[in-house]
Amino acid sequence: MFYAGLALNGLAVGCVAALAAVGLLATYRVTGVFNIAFGAVAVFCAYVMWQCVRVWGMPVGVAGLLVLGVVAPGIGLLLERAVYRPLRSGASGLLVATLGVLVLQLGLVFLLWGGRSYVDAPSLLPAGDVRLGTLHLPYATIVELCVVVVVAGGLTVLLRATRVGLMVRAVVDDRDLAAAVRVPADRLAAGGWAFGSFLAGLAGVLWAPIYHLDPYSLTLTVLETMGVAVLARLASLPVAVGAALVIGVGQTELTAVHPAVRWQGLVDAFHTNLFVLVLFVALMVLPRLGIRDSGALGGLHRVGARRSRADVVGRLPLGALSLVLGLPLFFDPGDLRAALAVPALAVVFVSLVVATGYAGQISLGQAGYAGLGALFMAKLAEGGVPWLVALFLGPVLVVPVGWLTGYPAIHRRGLYLALTTFATAAVVGRFVFAQPVFVGGLAVMRPPGFVDDHWFYGLELGCLGLALVVVWTLHTGPLGRALVALRDSEAAAVSAGIDVRRVKVFVFACAAGLAGLGGALTASAAQAFNPTDFDPVQGLVWFAAVAVWGVDSAVGAVVGAAALVAVDVGTVVGVSGLLIGAGAVLLGRFPGGIAGVVRRVGDWFAVSPVRGERRLSPAGREVADRVRERRA
Amino acid sequence: MLTLDALRVRHGPLEALHGVSLTIVPGVSLLLGRNGAGKSTLLRAVAGYLRPSSGRIVWQGSDISRASIGQRAAAGVMLIPDEGGVFRSLSVRENLELFADGGVEPAFEAFPDLRALSRRRAALLSGGEQQMLALSRALIAPWRLLLVDELSHGLAPYLATRLYAVLAELAAAHPDRAVVLAEPHPHEAFAHAGEVQHVHVLRRGELAASGSSSEFDAITL
């Protein structure tokens, strides 16, 4: 069955998706960065547009000119100057930096507009339509199609056939060498970012009237069009445009499919979430992207050796931490209620430390595992399992899920792995957490005996302690060394006899189980299953937060969770996003995050009068003595 | 022409050059030193890829220690690195067009092999072909100070000989310009590099010796 009228509607959806995908690809082509923050820039511009028209009463045309001509390119220039140019010398840490920009801009949206969603986003495009026999083709669709074709075509011609295009490609390839052959690299890079940001703004302004203007869901919608870009393997603009149009049409055609009633929900889920599905399937099927991935992890980990013996300074943070975590037991009831979120979030953060900090596997999908942990727990309890057993059995059931989703990770790394894990969380979020079939009428209660906030907080601390013990076991001994070897160099790990496949899958399974436990605790603390707690975009925020606090520090993760909750409770919404985003953006300047800085300061204090003496083994001390003799 | 004054360069916590002072004059100079002696660091600092932590780099009378790569290139400083001297995602011809100040013909005349490969992406070239392409930059773009980092790095001996021959010819044609060759192996360097006027030896980030080539004996170095 094919309905022409529906196909035209689908064309409208496909056009805007194509525009976002073309923008994403164009940004990648002219800057060399796959910009995850694209969605956030789009949303920010859409909100500014709304503010201009609905609050300040500007004419739509003027506002559009202001947003697309000044605000969007301005954001691009600002980001290039403040974030990406300082990073390029290392050419690493880009993934975390783009993630930081995303979190930062979302935080800004929450701060300025309180995260409220609006349905009256102004439309730049003319209303009305063209009649084609019995069919109506809206003007908006025609304009959008033209914009897509002009941008895609113009960009192809510019890059392939002009001297400027050649220079742009040279700057993307190797900025230093381009500067050395007297190409104005800085100006071209700035121009590239301004252009990419303009396209993001354009996508946001055109999307907003079609969907709700809502920070999370609109960001997610734009991020989901990454599937189209991935299908085009980040290289082919025509493939991206074609795929977007086909998916858009397919999406609306599905609304006409009416199977048996019990399957209707599933079909509905498909037709509203076809882009997520495409993103997921494309990432699973395509062996690799046409993209350079080197150094995506840069800046996350601190450089240099670990102190071999624990000393007073090394134990200080742990002591202080247990003291701080014990404090809420003496808080007044309201504050204790708020503090309940801390250990739960800390367990999720610790799971990220295992996956990303120790084993170097970027995982943006922890929100999905956390939600599944909570869901499994509630379902088990519904089936008659006691709550206390369900609290632990639910997360255990997440382990196989982590095991399964860990398989694609075997051959993926860097950005590709990050996208795959994100897509997993997005699919789970859209097809499970958003479906009333699975989460409707779900009751969540605390285990009997732990209903009181004090007792439940104690239980949470126990779980956190358990998680930390698991993490500590993973970080020491042969397994810990294998994980770190995997993080440093996969090729070297293989040649050293480490079964990389098994270790990777194992790490993902462990991290999934821990995240599940954290999710189960979160839901128990709130005594409700709240899908927004496990939003895929939330997973991005969590990742950025853990990165800022030091991705390879479990203590840092716990402190980070406490700080995040404290900031969220103590200030207005959005401040935490701003802080985390700013930290992630600056992470390139202080590798290892806050924990790394603390450790360096600790090292500085721990050095004995004879420089470096305490860090040497007996054999090393002997060598040092000999060197000193020879010098004397 | 080029004077380094107590140049210190750091790579993060490690200092690679501990205050090197030397002068480069027109003609061919050799910069000798083992792996890790600081040859590449010195060349990269002069070309602007690395920022010195202290000390001065004076080029033709003006201090360029803080100048950007582009400014130094405009002043005539050119670095041919041991790897990464080409745009890997661009074709050979596109590379040459970016390098060139005028036509690209001189490059094809010196390296006829490149003509047949002109549509191929640089990433798909062999190491020797990439090095030819990188060295072509010195043939078709203007320079007054040419810094060449381990031209023979990982190349078959006959290829290395050819590249050195092109370089020696280029240096001989412009006696008023300076060429600095960084080499780990003194014997090969003396055998290949033609008329060497000056030799500087780096050891562990410090200048160990400096003088005219007649003062050095390749056998005892």
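Chain A is the first sequence line, chain B the second, and so forth, proteins listed ahead of strands; every chain is numbered from 1.
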Checklist entry - Any idea which heavy atoms bring B/Ala73 and A/Ala180 closest together, and the distance? => result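 It is CB-O, 3.2 Å.
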
Next on the checklist: So which atom in A/Arg182 and which in B/Pro142 form the shortest heavy-atom distance, rounded to 0.1 Å?
Outcome noted: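 A/Arg182 and B/Pro142 have their closest heavy atoms at NH2-CD, 3.9 Å.
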
Next on the checklist: For B/Glu109, I'd like to know if atom CD has over 12 heavy atoms of other residues, nucleotides or ligands within 6.0 Å.
Outcome noted: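 Counting other residues, nucleotides and ligands, CD of B/Glu109 exceeds 12 neighbours.
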
Checklist entry - By number, which residues in residues 111-127 of chain B have some heavy atom less than 4.5 Å away from chain A? => result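 Checking residues 111-127 of chain B against chain A gives no residue, so none.
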
Checklist entry - How would you list, in number order, the residues of residues 75-89 of chain B that have a heavy atom less than 4.5 Å from chain A? => result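 Contacts with chain A: B/Gly84, B/Gly85, B/Val86, B/Phe87, B/Arg88, B/Ser89.
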
Pairwise distance [atom1]([X]) to [atom2]([Y]) - rounded to 0.5 angstrom:
| X | Y | atom1 | atom2 | answer |
| --- | --- | --- | --- | --- |
| B/Glu94 | A/Asp173 | CD | CG | 10.5 Å |
| A/Leu177 | B/Asn95 | CG | CG | 8.0 Å |
| B/Leu90 | A/Leu166 | CG | CG | 6.0 Å |

Checklist entry - Does the pair B/Glu97 and A/Arg163 meet the rule for a salt bridge (Lys or Arg N to Asp or Glu O under 4.0 Å), with working shown? => result CA-CA 9 Å; B/Glu97 277 169 7; A/Arg163 173 90 185 161; 5.5 Å; no

Checklist entry - Side chain, backbone, both or neither: which part of A/Ala178 has a heavy atom under 4.5 Å from chain B? => result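 Both backbone and side chain.
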
Next on the checklist: One pair to check against side chain to side chain contact (heavy atoms under 4.5 Å, CB included): A/Arg175 and B/Ile69. What are the steps and the verdict?
Outcome noted: CA-CA 10 Å; A/Arg175 195 160 165 170; B/Ile69 298 177; over 6 Å; no

Checklist entry - What part of B/Arg137 gets closer than 4.5 Å to chain A, counting heavy atoms only: side chain, backbone, both or neither? => result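 For B/Arg137, the contact with chain A is made by the side chain alone.
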
